[in-house]
Structure formats: structure tokens, C-alpha cells
Amino acid sequence: MFSNLHHPMSHPLRQALRITGLAITLGVLGDFLLRPFPWGSGFLLWTAALTTLTLGALRPWKATSAIAAWMWLPILFAGCMVWRDSPFLRIWDLLAVLVAWGVVGFKSTGVRLGTSGVLDYLFGIGGSALSAMAGPLGLANEDMEWSEIHERLRLRGSTSVLVGLLIALPLLLVFGPLFMSADPVFEHLVRGVINWDFGTVASHLLVAGGLSWVTLGYLRGLSFASPSPYAAIIRRTRPGLGMVEIGIALGSLAAIFGLFVAIQVRYLFGGEAMVMSITGLTYAEYARRGFFELVTVAALLVPVLLGAHWALDITRAAGVRIFRALASVLLGLTAAIMISAFRRMLLYVEAYGLTADRLLATTFMLWIAVVLSWFALTVLSGRSERFALGALVSGFVMLMGLNLLNPESLIARTNLERARLGRDFDVSYATRMSADALPVLVEGIADLPVPSACSLLEGLAERHEQRRTDDWRSWNLSEARAERVLEHVPLVQRRLGCTDVDSGVSGENRGRGRPR
């Protein structure tokens, strides 16, 4: 009768039970580590746990060792969230973590990392997300061998007890609170035995359960991969456009790009007198008006060219030649537009100072320039299968470069240098900067007028006090450094005589130099 107890468990069932246990463990761990906000060291620990436990559960990955290596990328960018405090950097680092996990999830959709196109990547990441959401249902329906589980429980005599508990639990959860509301003596008795805050319990169950669900779906996709239908669907739906369609569409675009570049050469490079005589705007105002629009134009060209290449009938040599010629013209014109945009930004910063938005937009434009260059080297040379991976890697490299650069520290140094040259310094913006900038701001405080310096010190201390937390799960290195720097702020305030002057800068002075 008990001989089946010693029969080896089937591999699918063993793997299903293993990843279920891992998902529950990671869900409970995530409820503990990710509950405090903003995320810091707790998020890094949870990310590291997900990576290491997943690699252990799915070992060996013989055919997918390249994708397995990508699982260390989330730890890298989660570490950047512990390193830097800049809000926009932390958002992009979190996005990098999610994208890296999505790329690892390509195993669940069958997308090949090094030879797939952009649409394959988009479908692959979307498939990874869908697998994470719906995976537990597939696990319960397809991978869990319930007959074997039932047989093993029955032979151990556990089935009746388990079923009884599953039936009793919801009944107790319904009738128990009703009796507690009806009689205070009964409520006191129950709370004396089970002193729970049911709202808190429900919150923990919701967070832990949600994380367990998504993690289980993700692990299930990695463990029980299925071939992807996306590549075949994409091939079947290609319109197969020819020389006329591509020539009209891209030729029209090249014409309007060329007209704009001609105007830029005349006015933006023609001197301030010409700009003022035609537009009535100063150089700085003229630069301010178009930078972000030009960055958008450059960014939109990437999907336009990719879409045109996807829709092209590559079996017609004439159409391919027309596409390559017009795409090359557009790339050249876009390079001129980017030079114009970069010149506008230099004028903009010279007039109004540097901000996170301006630095981020400029960095994004530089990344677009790299992507368009990579497009020319791959797609236009007949190696389109290499484009998607290169563009993705360049994005990760650019983001890592930003983390190394410490953008808010650079912004603070740039604006303080402007103040040393007699330009306006926006105290209000500086007090809103993150802990990444605080050491530079305090070090350069002597270059500011005393009222502005005192107002800045007071604002930085107040903002840091509002964000201060003693929860180790939200710890990051920049905040720890800021703590040490702020210990010296009272001494700096006394040295500047902040107690003898009106540290609250007037509304007129506070607004000077505010980003326009």
C-alpha cells in the first residue's frame, strides 16, 4: 500500500513545487524588505535574493547561459539605487531592473537575444510580463500533477486533514468577526488569544501574496518555456512596401528635415542680431523655445526608420536601395538637427543654469545619436538582427555612465560656478535637490551672498530632516554622506552669521534665476 511513497517524484512536479516554495519565500521576504519607501538597501537585498534563488532553482541552464548572465544586471542597477539619491536616476535604475528581468524572461517566450528584431524584443518583454501575471494559472492547470499529489497525501493520511482545514478557514474568517462585533466579552476573549490587527494582517497578506503570485509566474515562465509565436506573426503581417511607397514617405520627411536645417544654418548660426531682427527673441529665449522639441524629433525618427525597414519588401533590390539612400539622408539631416539642439542647450544653460531635466534631455539626445549611428552600422548594412541588442546594451551603458557621473553633483557645481561669475543662483531649486548634491552645495556655500547662503543651508537641513528615516531598508549611501555633511551645517551658519541676518530670502530674491 505504501510502496508509492518511495516512488521518485516526477521532474515537472518536483520543479513546480520547488518554484512555488521559492515564490512564497520571495513574497514574504519582499513584504518585509520592500514595505518601507523610498526603496534602498531592502530592494537590493530582495533583488539579490530573487537572482540567486532563481539561478539555483533553474540550474543547469545549458542552452541559455547568455540570458542567465543577464540576471546579474538587476543587482547592478538595484545597487545604483542604494548608491545614488537622485529621484530621476532612481526611476531609470528601477526601469533598468525591470527591463533586465524582462530580457531574462525571453526564455519564457523563445525570443533569441542576439538575433531578434526590435518587435521581437517588445513582444518578448510583453510576453514576460504576461507570463508573470498569468503564469500561476498555467502552473496550476498544466504543471502541477494533482493526481500524484493527491495520491501521496492520501497514502500519508493527510488529505482529509488538509481538506478540512481549507473548508474551516474561510468559515472561521466569516463567522469569527461577526461574533466579535456582536459581543464585547467574546471579542475580548478572542483578542486575548489572537491579538491581531486584521487590517495590518490583510495588508501583509496582500503584499506578500501579490509578490508571490508575480514571482511564481515569472519563475514558471523560465522553468517551463514554450516556443514563441511572435516571430512567425511578425513575418506574416509585414506589408511588403516597394520603391514608390517608401520613396514618397521618406522623401517627404527628408524634404521637411532639409528645410528646417536650412533655417537653422541661417538663424541659429547667424548671430544674435539676426535672430532678434526676425523673431524679436534673445538668443537664450530662441534656444529655450525649441530644444525639447528637437530632441523629440530625433527620438521619433528611430521608430519611423525601424517601421519603414520592417514594412519594406526586402526581396526588391530597388526598394532596398531607395530606403538606404533616403535613410542615410535623414540620418545626416538629423545629425545637423542634433548639433542645433545641443547648441541651443548650451545657450539655455548659459542664460538660466543647469537642471536635472535639461541634463537628462541632453543625455537622452546623446543616446539617440548612438542608436541612430548603430542603425546605420547594422540595419543599413544588412545586419538588422544585431540592432536591437546593441541599442539595448547602449542604453544600459549610458545609464550606468550617469550613475558614475553623479548628475546632481554636476548640476550643483555648474550652478555654483555661474554664481562665482556673478550670475543668478536659484536657491529654491537647490534646496529641492537630492542628497547627491548636498556635499557640493555645502562646500561651495561661500560663493553665494550671505542671505542666499543662509537660506540654502536652512532649506537643505529642513528637506533632509523631512526625508530622514532610521529604517535600514531605505538606507542609501548618498543620504549617509549627507548626514555627515549636515553635522557641520550649524558651524557654517555661525561662521556666516546666519543668526544675525534674515535667512529667509525675500520673495523677489528667492525667485531670481528660477528655471524657465
- Query: Do Arg343 and Ile339 touch side chain to side chain, with heavy atoms closer than 4.5 Å?
  - Reply: no
- Trp46 side chain vs Phe32 backbone, donor-acceptor pair below 3.5 Å: no
- Between the main-chain N or O of Asp447 and the side-chain N or O of Arg420, is there a donor-acceptor pair closer than 3.5 Å? no
- Write down the atom of Ile411, the atom of Leu354, and the distance for their closest heavy-atom approach. CG2-O, 3.2 Å
- Going by the angle between their ring planes, with limits at 30° and 60°, are His309 and Phe323 parallel, tilted or perpendicular? tilted
- Is there side-chain contact between Asn406 and Trp83, with at least one heavy-atom pair below 4.5 Å? no
- Closest non-hydrogen atom pair, Cys454 against Leu496: SG-CB, 4.5 Å
- Search all heavy atoms of Ala23 against all heavy atoms of Ser212 and return the closest pair with its distance. O-OG, 3.2 Å
- Item | Within 6.0 Å of CZ in Phe260, more than 12 heavy atoms from elsewhere | yes
- Item | Verdict with supporting geometry, Arg358 and Thr362, side-chain hydrogen bond (donor to acceptor under 3.5 Å, both in side chains) | CA-CA 6 Å; Arg358 294 164 196 170; Thr362 304; over 6 Å; no
- Quick one: are Trp101 and Thr47 in side-chain contact, heavy atoms under 4.5 Å? yes
- Message: Has Arg423 got a side-chain atom pairing as donor or acceptor with Asn415's backbone, closer than 3.5 angstrom?
- Response: no
- Message: Tell me if a side-chain donor or acceptor on Ser41 pairs with a main-chain N or O of Trp472 at a distance below 3.5 Å.
- Response: yes
- Arg432 and Ser428: side-chain hydrogen bond (donor to acceptor under 3.5 Å, both in side chains), yes or no, with the steps? CA-CA 7 Å; Arg432 297 195 302 271; Ser428 177; 2.9 Å; yes
- Query: Going by heavy atoms in the side chains, are Val99 and Leu392 under 4.5 Å from each other?
  - Reply: yes
- Query: Nearest 0.5 Å, what's the CG-CD1 distance between Leu26 and Ile19?
  - Reply: 11.5 Å
- Checking salt bridge (Lys or Arg N to Asp or Glu O under 4.0 Å) for the pair Arg484/Glu487: CA distance, chi angles, key distance, verdict? CA-CA 5 Å; Arg484 293 195 295 270; Glu487 292 176 357; over 6 Å; no
- Hey, can you tell me if Trp367 and Phe364 have their rings parallel, tilted or perpendicular (30° and 60° cut-offs)? tilted
- Message: When you compare the side chain of Leu211 with that of Leu34, does any pair of heavy atoms fall below 4.5 Å?
- Response: yes
- Item | Donor-acceptor contact below 3.5 Å, side chain Arg324 vs main chain Leu380 | yes
- Under 4.5 Å between any side-chain heavy atoms of Phe88 and Asp357, yes or no? no
